[in-house]
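Have a look at the structure below, then the notes.
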Amino acid sequence: QVRLVESGGGLVQPGGSLKLSCAASGFSLEYYAIAWFRQAPGKERKGVSCLTSTSVGGRSIYANSVKGRFTVSRDGANKTVYLQMNNLKPEDTAVYYCATDRIRGRLCRFQPDYDYWGQGTQVTVSS
């Protein structure tokens with residue numbers, strides 16, 4: 001059974017940092033793309049970052065709004081994907097979700113058409 005569990009959210013001041021974790025179980029992490037999305041109140045869910053499977057290169061992509069501030073990484077041994085978020089801004093406030101596919105090797109994309117989602121973790125950036 002595929003399961004994704006996010007953690008690491010919280011309240012941080014502008015300019016601060018947080019590191020989100022997405023703990024995966026029920027599948028082999030290295031064969032599937034893992035994406036991070038976020039959803040602010042009253043807004044649609046938007047892609048933030050994605051890491052392709054190692055079988056197609058293990059490349060990362062980022063939304064323009066977070067490039068240079070966010071970094072996605074994978075720890076296969078611990079079956080966890082991380083999202084390091086630096087220089088956080090109030091507009092980064094949202095619930096953050098990780099997601100993956102049912103089919104191996106699909107490429108990253110920021111359409112929210114992934115098959116499996118975590119429950120989300122709240123990130124609030126405020127002074």
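Counting begins at 1 with the first residue of the sequence.
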Could you list the donor-acceptor pairs under 3.5 angstrom formed by side chains in residues 94-113, with sequence neighbours left out?
from: Tyr96; atom 1: OH; to: Arg38; atom 2: NH1; distance (Å): 2.9
from: Tyr96; atom 1: OH; to: Asp92; atom 2: O; distance (Å): 2.6
from: Thr100; atom 1: OG1; to: Ala33; atom 2: O; distance (Å): 2.8
from: Asp101; atom 1: OD1; to: Arg109; atom 2: NH1; distance (Å): 3.4
from: Asp101; atom 1: OD1; to: Arg109; atom 2: NH2; distance (Å): 2.6
from: Asp101; atom 1: OD2; to: Arg109; atom 2: NH1; distance (Å): 2.9
from: Arg109; atom 1: NE; to: Asp113; atom 2: OD1; distance (Å): 3.0
from: Arg109; atom 1: NH1; to: Leu107; atom 2: O; distance (Å): 3.0
from: Arg109; atom 1: NH2; to: Asp113; atom 2: OD1; distance (Å): 3.2

Query raised in the report: If you look only at pairs with a residue in residues 48-61, which of them pass as a side-chain hydrogen bond (donor to acceptor under 3.5 Å, both in side chains), with sequence neighbours excluded?
Result: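 Those involving residues 48-61 are Ser53-Ser55.
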Counting distance only, does the side-chain N/O of [X] pair as donor-acceptor with the main-chain N or O of [Y] below 3.5 Å?
| X | Y | value |
| --- | --- | --- |
| Glu6 | Gly120 | yes |
| Gln119 | Val5 | no |
| Thr93 | Val125 | yes |

Report task. Heavy atoms only: give me the nearest Cys50-Ala35 pair and the separation to one decimal. Result ->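 Taking every non-hydrogen atom into account, SG-CB, 3.9 Å.
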Requested in this report: List the atom of Leu4, the atom of Ala24, and the distance in Å for their closest heavy-atom pair.
Outcome: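 Taking every non-hydrogen atom into account, CD2-CB, 3.9 Å.
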Query raised in the report: Who pairs with Thr124 by side chain to side chain donor-acceptor pair (under 3.5 Å), at least two apart in sequence or on another chain?
Result: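 Here the qualifying residues are Gln122.
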Requested in this report: Could you pull out all residues at least two apart from Lys43 that satisfy side chain to side chain donor-acceptor pair (under 3.5 Å)?
Outcome: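 Testing Lys43 for side chain to side chain donor-acceptor pair (under 3.5 Å), a comparison that skips the adjacent residues, returns none.
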Path from [X] to [Y] over hydrophobic side-chain contacts below 4.5 Å:
| X | Y | answer |
| --- | --- | --- |
| Leu51 | Tyr62 | yes |
| Ile34 | Leu20 | yes |
| Tyr116 | Trp36 | yes |
| Leu29 | Val2 | yes |

Query raised in the report: Of Ile61, Val66, Val72, which meets side-chain contact (heavy atoms from CB on, under 4.5 Å) against Val48?
Result: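 That would be Val66.
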**Report entry** Partner residues of Phe70 under the ring-ring contact (aromatic ring centres under 6.0 Å, His included) criterion, sequence neighbours left out
**Finding:**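 In terms of ring-ring contact (aromatic ring centres under 6.0 Å, His included), with neighbours along the sequence ignored, Phe70 is linked to no residue.
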Without placing hydrogens or testing angles, list every side-chain donor-acceptor pair under 3.5 Å for residues 78-90, not counting sequence neighbours.
from: Asn78; atom 1: ND2; to: Asp75; atom 2: OD2; distance (Å): 2.7
from: Lys79; atom 1: NZ; to: Phe27; atom 2: O; distance (Å): 2.6
from: Thr80; atom 1: OG1; to: Asn78; atom 2: O; distance (Å): 2.9
from: Gln84; atom 1: NE2; to: Asn86; atom 2: OD1; distance (Å): 2.9
from: Asn86; atom 1: OD1; to: Ser17; atom 2: OG; distance (Å): 2.9

